[in-house]
There are 2 protein chains.
Amino acid sequence: MFYEQGYHATGVATILREAGVNSGTMYHFFPSKEALLVGVLAWYRDNLWPEVLTPAEHQAADPIGRVFALMALYRLGMEMTGCTMGCPIGNLALELSDNHPAVRELIDLNFRNWIAGVRGWLESAGDRLPPGTDLDALAGFVLTAMEGGIMRSRAAGDLAPFDESVAQLRAYFDLLEQAASAAKGSPR
Amino acid sequence: MFYEQGYHATGVATILREAGVNSGTMYHFFPSKEALLVGVLAWYRDNLWPEVLTPAEHQAADPIGRVFALMALYRLGMEMTGCTMGCPIGNLALELSDNHPAVRELIDLNFRNWIAGVRGWLESAGDRLPPGTDLDALAGFVLTAMEGGIMRSRAAGDLAPFDESVAQLRAYFDLLEQAASAAKGSPR
DNA sequence: GAGCGGCTTGAATGATCGTTCAATCAGGCA
DNA sequence: TGCCTGATTGAACGATCATTCAAGCCGCTC
């Protein structure tokens with residue numbers, strides 16, 4: 001629900017009703033609403049691989065193909081919910097990064113883990129990318145494009161901006177691969 | 001304040017105190033808090049050119065240079081506020097796009113106007129971009145990269161992710177310009 | 001079966017939320 | 001001067017916010 005409608009917009013009473021739990025029980029395990037959010041973000045941190053990255057790996061064997069399989073996974077999520085849900089982390093990042101240090105830290109960690117996963121794929125793309133490519137920055141740019149694309153699609157209420165963003169990212173990768181093969185053809 | 005800390009996190013009482021206004025006065029002009037937000041977004045819509053795009057034009061004469069001057073402008077805003085403020089629209093886009101149709105519409109309009117401005121610059125770049133380039137999609141991708149970069153920088157509490165994203169976008173433009181000049185050199 | 005501890009109950013708390021409205025004010029016009 | 005209208009005042013409203021806690025429950029061991 002944090003993910004769906006935001007942290008402040010989600011009341012504790014609603015959470016309790018939906019979970020079929022009494023307030024005292026929740027507060028027995030979580031000292032505050034913020035601690036509950038931290039628990040959610042910790043769950044995302046622990047389940048990034050089994051729930052997100054591994055499924056993308058099963059969709060494609062090709063390392064760069066996996067990057068776009070990952071994008072397609074998020075697209076599917078948006079499609080099923082009519083552009084109301086995008087990235088569980090991104091929504092909270094803008095709402096809570098200031099004034100909630102513990103939360104910001106976990107959000108950042110989630111982002112860094114995501115980037116590290118993509119970076120791993122890019123590494124195994126080997127010489128298909130130009131020599132000396134900054135793989136961290138490129139993997140980070142994949143996240144940038146995804147989050148930006150999701151934001152625009154939610155604002156538009158339409159998947160088109162997301163699809164366009166993915167297409168542009170693909171064009172960028174195509175140009176990088178071209179440049180790599182050109183450099184390979186004439187190494188000096 | 002909506003922009004700084006979000007819509008739900010900003011109480012009407014705080015707005016009134018900060019503005020030195022009584023509740024009755026505000027409700028005389030705005031029927032609700034949401035109407036006030038709509039007013040803010042309408043102000044952004046009307047002041048996008050004088051406050052944002054024109055200043056970027058004054059920073060650079062080169063059309064593609066203007067794109068990156070615009071990015072630098074947003075960077076400056078983040079730098080001055082310690083990564084707490086990014087794009088006034090983006091924050092609200094993720095918080096309110098669902099369940100607030102009138103707000104979503106205005107956010108989308110702001111985005112479209114922004115993209116149209118960038119698209120105008122790209123048009124005047126002429127044959128520096130490959131023939132047949134989808135300028136709308138490319139201008140939209142600039143917004144995607146900016147919003148995504150801002151989100152990551154706010155999550156990290158550091159400008160580095162934004163800078164990296166801009167650098168990647170620059171690399172993309174460089175490759176496009178290369179491709180354009182290559183196509184020009186051997187048109188057939 | 002007495003006693004203990006982890007868990008659950010749910011009404012109640014004070015604070016804050018967005019909003020209302022009768023009363024008052026100030027300026028322009030007749 | 002008297003009147004009208006639009007703007008302003010600010011106390012008060014009910015709803016909802018996150019949170020508390022005394023009391024009770026259940027399953028365990030001794």
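Naming: A, B, ... by sequence-line order, numbering from 1 per chain. Just so it is clear, the model here is predicted, and its values are computed rather than measured.
Between A:H28 and the phosphate of C:dT8, there is no side-chain N or O to OP1/OP2 separation shorter than 4.0 Å.
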Summary of protein contacts for nucleotides 16-28 of chain C, nucleotide by nucleotide, where a base hit scores B, a sugar-phosphate-only hit scores S (4.0 Å, heavy atoms): --SBBB-------
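Counting only residues at least two apart or in different chains, side chain to side chain donor-acceptor pair (under 3.5 Å) contacts with residues 24-45 of chain A comprise A:W43-A:N47. For residues 82-92 of chain A, the set of pairs meeting the side chain to side chain donor-acceptor pair (under 3.5 Å) definition, not counting sequence neighbours, comprises A:N91-A:R154.
Listed by chain and number, the residues in a side-chain hydrogen bond (donor to acceptor under 3.5 Å, both in side chains) with B:N113 amount to none (sequence neighbours excluded). Listed by chain and number, the residues in a side-chain contact (heavy atoms from CB on, under 4.5 Å) with A:E4 are A:M85 (sequence neighbours excluded). Applying the side-chain hydrogen bond (donor to acceptor under 3.5 Å, both in side chains) rule to B:R104 yields no partners; only residues at least two apart in sequence or on another chain are considered. With sequence neighbours excluded, the residues forming a side-chain contact (heavy atoms from CB on, under 4.5 Å) with A:R66 are A:E57, A:A60, A:W121, listed by chain and number. B:N22 is linked by a side-chain hydrogen bond (donor to acceptor under 3.5 Å, both in side chains) to nothing, counting only residues two or more places apart in sequence or in another chain.
For DNA chain D, the contact window with chain B, defined by any atom under 4.0 Å from a protein heavy atom, covers D:dA7 to D:dA11 in 5' to 3' order.
Counting only distance, with no hydrogens or angles, the side chain of B:E95 and the backbone of B:H8 share a donor-acceptor pair below 3.5 Å.
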